[in-house]
Amino acid sequence: QVQLVESGGGLVQAGGSLRLSCAASGRTFSSAAKAWFRQAPGKEREFVAAINWRSSRIAYADSVKGRFTISRDNAKNAVYLQMNSLKPEDTAVYYCAADQNGRVGTSSHEYDYWGQGTQVTVSS
């Protein structure tokens, strides 16, 4: 079993930055792809960014391209999401996910393990 724990969420003003972290423990898969999704109140969970284990393939949602950067440190079993130029519409619970098959997918159905989420609130 893999456990994923997110941290780094909080309240920030529009235009500000936050860095989310996700630590994996338990039976980790070094080749697993990692991703971030988010879910705003009353909306479906949506893809934000994903990265393969070599960091050679990365995907972003159009809404965050140029503002967010996903990265990982395999030695620490960690994945990060640097979020800059935050907007009120980025407000959501952000979830870390892992796909043991290593695909850089954009659908939540492709991911096997999920964290509990961390709240990000951007005020205008």
Side-chain angles (χ1 to χ4, degrees):
Q1 191 71 9
V2 175
Q3 291 82 42
L4 302 174
V5 179
E6 303 95 336
S7 61
L11 174 64
V12 64
Q13 289 188 333
S17 299
L18 282 174
R19 186 185 191 224
L20 305 184
S21 299
C22 174
S25 61
R27 186 185 177 192
T28 57
F29 297 89
S30 60
S31 61
K34 301 287 180 63
W36 290 95
F37 286 76
R38 66 186 182 187
Q39 187 166 19
K43 295 187 177 182
E44 293 187 354
R45 191 169 298 188
E46 65 173 1
F47 170 76
V48 175
I51 186 169
N52 72 337
W53 74 280
R54 290 181 174 177
S55 302
S56 58
R57 287 194 297 144
I58 293 175
Y60 293 101
D62 288 342
S63 58
V64 306
K65 279 182 182 176
R67 300 188 298 123
F68 290 11
T69 302
I70 188 171
S71 62
R72 64 189 293 166
D73 184 336
N74 292 333
K76 297 181 179 179
N77 286 321
V79 63
Y80 308 98
L81 186 68
Q82 177 66 43
M83 305 186 295
N84 298 328
S85 303
L86 283 162
K87 305 175 181 179
E89 50 264 42
D90 294 318
T91 295
V93 177
Y94 283 70
Y95 297 91
C96 174
D99 171 19
Q100 60 184 355
N101 293 311
R103 300 165 295 190
V104 181
T106 61
S107 170
S108 60
H109 301 292
E110 298 179 82
Y111 291 86
D112 309 295
Y113 302 99
W114 292 85
Q116 293 300 306
T118 185
Q119 176 70 47
V120 171
T121 303
V122 184
S123 63
S124 57

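The basis for the numbers below is simple: all heavy atoms, side chains too, and nothing from hydrogens, waters or symmetry mates.
Under a cut-off of 6.0 angstrom, the local environment of CD in Gln116 is sparse, with at most 12 non-hydrogen atoms contributed by other residues, nucleotides or ligands.
Rounding to the nearest 0.5 Å gives a distance of 10.0 Å between OG of Ser25 and CD of Gln1. Rounded to the nearest 0.5 Å, atoms OG (Ser123) and CG (Leu86) are 10.0 Å apart. Arg38 CZ to Arg45 CZ: the interatomic distance, rounded to the nearest 0.5 Å, is 13.0 Å. Put simply, OG on Ser124 and CD on Gln13 are 9.5 Å apart, with the number rounded to the nearest 0.5 Å.
For Glu6 (side chain) and Gly117 (main-chain N/O), a donor-acceptor pair under 3.5 Å exists by modelled atom type. Under a 3.5 Å cut-off, the side chain of Arg72 and the backbone N or O of Asn52 do form a donor-acceptor pair.
For the residue pair Thr106 and Glu110, the shortest heavy atom distance occurs at N-OE2, 3.3 Å. Nearest heavy-atom pair across Val104 and Ala59 is CG1-CB, 3.9 Å. Here the closest non-hydrogen pair linking Leu4 and Ala24 is CD2-CB, 3.6 Å. When all heavy atoms of Ala92 and Gln39 are compared, the closest pair comes out as CB-O, 3.4 Å.
The list of ring-ring contact (aromatic ring centres under 6.0 Å, His included) pairs with a residue in residues 58-104, not counting sequence neighbours, is empty. Screening residues 34-56 for ring-ring contact (aromatic ring centres under 6.0 Å, His included) gives Phe37-Phe47, Phe37-Tyr111, Phe37-Trp114 as the qualifying pairs, with residues at least two apart or on separate chains.
Counting heavy atoms from C-beta outward, Lys76 and Ser21 have side chains that stay 4.5 Å or more apart. Side-chain contact between Val120 and Leu20 is present, with at least one heavy-atom pair separated by less than 4.5 Å. Using a 4.5 Å heavy-atom cutoff, the side chains of Leu81 and Thr69 are not in contact. Side chains of Thr91 and Gln119 form a contact here, defined as non-hydrogen atoms less than 4.5 Å apart.
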Might you work through the side chain to side chain contact (heavy atoms under 4.5 Å, CB included) test for Thr118 and Val93, ending with a clear yes or no? CA-CA 5 Å; Thr118 185; Val93 177; over 6 Å; no
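Following chains of ILVMFWY side-chain contacts shorter than 4.5 Å, one can reach Met83 starting from Val12, so the two form part of one hydrophobic cluster. Val64 and Ile58 end up in the same hydrophobic cluster when Ile, Leu, Val, Met, Phe, Trp and Tyr side chains are linked at under 4.5 Å. Both Val48 and Val122 sit in one connected hydrophobic cluster of ILVMFWY residues. Membership requires side-chain heavy atoms under 4.5 Å apart, directly or through other members.
Ion pairing of Asp62 with Lys65 is present here, as a side-chain N (NZ or NE/NH1/NH2) and a carboxylate O approach within less than 4.0 Å.
Applying the ring-ring contact (aromatic ring centres under 6.0 Å, His included) criterion to Tyr113, with sequence neighbours excluded, gives no partner residue.
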